[in-house]
Amino acid sequence: MTTPMVVLLVVVLFIAWMYNRLMRLRNRMRAAWSQIDVQLRRRQDLIPNLLASVQGFMAHERMLLQRIAETRAQAVSAGGDVARRVGIESNLDASLVSLVALVQAAPDIRADHNALMLQEELRSTESRIAFARQHYNECVADYNTAIACVPANVVSTICAFKPAIQFFTPDFSVTGKAPVPMPISRT
Amino acid sequence: MGHSLEIEGDDAPTLLGSIRGAVDSTGDSSQTTGSAAANVVGESQADFGPASVPRRSTFYAEQRHHRRENWRLSAVCLVIAIIVGFMLSAILSPLLLAMVVCVLKTANHFGCPPSICAEATHRIDLLARHAIQFYVSLIDAGHGAGAVMRPQKISNGQSAFDGLLPLIPGMVAMALSWLVLRAIQFGAGMVDLIAAVGARPTRPDNLQERRLANIVEEIALAAGIPTPRVMIIDAVDANAVAVGMSDRSASVLVTSGLVDVLNREETEAVVAHAVASIVNGDLTVMQSLIAMFQSFGLAHAILDLPVRLSAWRAFGSFCRTIMDRHLSPASRLDALKGIEGSLFRGTFPVTPTGILLLPFTYVMAFQKMILMIWINLIFCWPLGLLWRTRRYLADSSAVALTRNPDALASALRRLGTSAGVPRGGENRAYLFVCEPHRQIGDTVQSSASDDLWNPNAMPFSLNPPIERRLRRLVALGAAESWLPPRRTPHLREVVRNLSLASALKALALVVAFIVVGTMGSLFGVLGVFAFTYLTTGMSLLLGFGLLNLVLRM
């Protein structure tokens, strides 16, 4: 009588442990996703300051500065629309890269303390976005492996843990359209 | 600043060559420059061509490998700790039981129901009788050490369990004191190190320090932990250290020298090493080990109470640490240091009380000696290997975070050439990302030389040499030019160049070395075990004799 009870208890505990593990992995993944969002917003907040500080030095690059300002406005207006955001953010990436290159080439900006600080902030923000993506992708890989492996796949099927998609920077030249990084299954 | 450090892997050999040329032409006057240059590249004068390239690996595989290694070494450390704890509880256990008996008898005197007291005393009496019978029969049955191997031959149907049972109170007491000391260590964090090196917060208006703070935030994002506190140590030595017991209370301390010397990617790599060591819990491991040594020290401080005044002081400050909740972390750590240091003080007390309690002091002196032998001759090897494995693990985790093995290799190369640990951090040099490598036998003169276990006093440095770390980084994908040139020739080249006579001489030397080395280490280990056996036996007989005396009073 007691032996089956003990076996049952062990099985129940094991299933509970597996469920908790999957839950933990999924929450970690969601936190990682929100970090990317936070960093993208940080970049949006930074851009007006950056533009203001380099405007005096780079009057001849008015077009580029204007384009950056417009793209930023689009990104802000896109809000939670993830599919649109990815496309806009990658355009912003490209514009900012060319701005940083121009800033680094201009000798009078290199001497300006505020511009240097802002440049450092911009560079840091780019790294943060990259690292946040890296962390998110690792979390997704861990989570996807965990829900697909035996015997956790039984628990994940019953409790509807769905596989997530990794975040990657869209390459429009190859795919022709933006992918949809809908990362989190709502269960 | 740091012009002499601007040496990249590719041009290092040519630079060394040109400096050597300069030394040759100017003679002795620039000898220092020559040796400095040799230090810069970290090589001796002999050059045996390029080093062999290690087999390529991934950082996932590397991390797995080091984690496994880490578990194995931890298990070895645990076994040794249990042996040492067993040895100590041979004397601690009967004394604890005797104390309980004293308390019971006093309670009985003051009106506690005699049924409870008598029952408990009777139980302890039975336990002591069994134990004494067991040990005496052990001596009778085997005429010495062999008896341990054949416990079934012992008379009266007793088993080894009868002998081990009375030691459990001592083991439990040791384990409890370890937990308490560990909790105190964890609670205090490492405020003493932060204070000793004089770390300060970063200034947000300074571009370089702002950059550093940004880098720490970036790496924390990559590792998925809350951002650690960033602090600057004003020192020219380029180095960094991670401090703190968990990822919530961690700090990363970086010297201003490092901020000046390294570029952004290199700084990122060094910070990633520090953050990786926080995530992997290196400091938790180290503080637990230190707490273990402190619990040995505490046991000895308690046993020394009758013969030594300083034991009372150490014990008193320990009690205050436990009782007083408002004590500052720094004074808590001071109290713990006192306990640590109390172990090897007064090994042979020649005070009047010491002579009066002669058999007891004699056994205690043996206990101290045997503990010293175990720690310094046996324990230090798995411990050192454990810490080195953790350094390699942090290196590979840092590469996993930044995906940039070249930056870490370049940073390590530069850190290895700079002078080393900032002032105030010498006692904890092993915690830093790059510890200046010591030759075998060198010990660092530290202010706290009375620490029970100062890792700097170990016969080797706890951190792996830079060249080996560079090799592992090359295996993880760093450029091969980071590999330092070989310092020793291949065996094949040596053998090919040997004449017959010198070959025979070398062979004889090797054989002699193997024979003498094997015999020596065998006898050494046997000697240590025999000495341990003897001490444990003496402690047991003395302890249970005392317990018997208390019971009969």
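Within every chain, numbering begins at 1; the chains are lettered A, B, ... in the order of the sequence lines, protein sequences first and strands thereafter. The analysis underlying the following values was restricted to heavy atoms, covering all of them including side chains, and did not include hydrogens, waters or symmetry mates.
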Would you say that more than 12 heavy atoms from the other residues, nucleotides or ligands in this model lie under 6.0 Å from the CZ of B:Arg56, or not?
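Enclosed.
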Counting N and O atoms only, with roles assigned by atom type, does the side chain of A:Tyr136 sit under 3.5 Å from a partner on the main chain of A:Ser34, one being a donor and the other an acceptor?
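A pair under 3.5 Å: no.
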Minimum heavy-atom distance B:Ala398-B:Ala269, with the two atoms named:
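The pair with the smallest heavy-atom distance is CB-O, 4.2 Å.
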Residue B:Ala223 versus chain A: region with a heavy atom under 4.5 Å
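When you check distances to chain A, only backbone atoms of B:Ala223 fall under 4.5 Å.
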Among A:Ala130, A:Ser124, A:Ser127, which has the most heavy-atom pairs under 4.5 Å with chain B?
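Winner by heavy-atom pair count: A:Ser124.
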Top contributor to chain A contacts, counting heavy-atom pairs under 4.5 Å, from B:Glu217, B:Arg264, B:Arg210, B:Arg211
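Among B:Glu217, B:Arg264, B:Arg210, B:Arg211, the one with the most close pairs to chain A is B:Arg264.
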Is A:Glu120 in contact with chain B via its backbone, its side chain, both, or neither, using a 4.5 Å heavy-atom distance?
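Both parts, backbone and side chain.
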Please name the residue in the list B:Arg472, B:His66, B:His273, B:Gln63 that meets the side-chain hydrogen bond (donor to acceptor under 3.5 Å, both in side chains) test with B:Asp395.
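Filter result, single survivor: B:His273.
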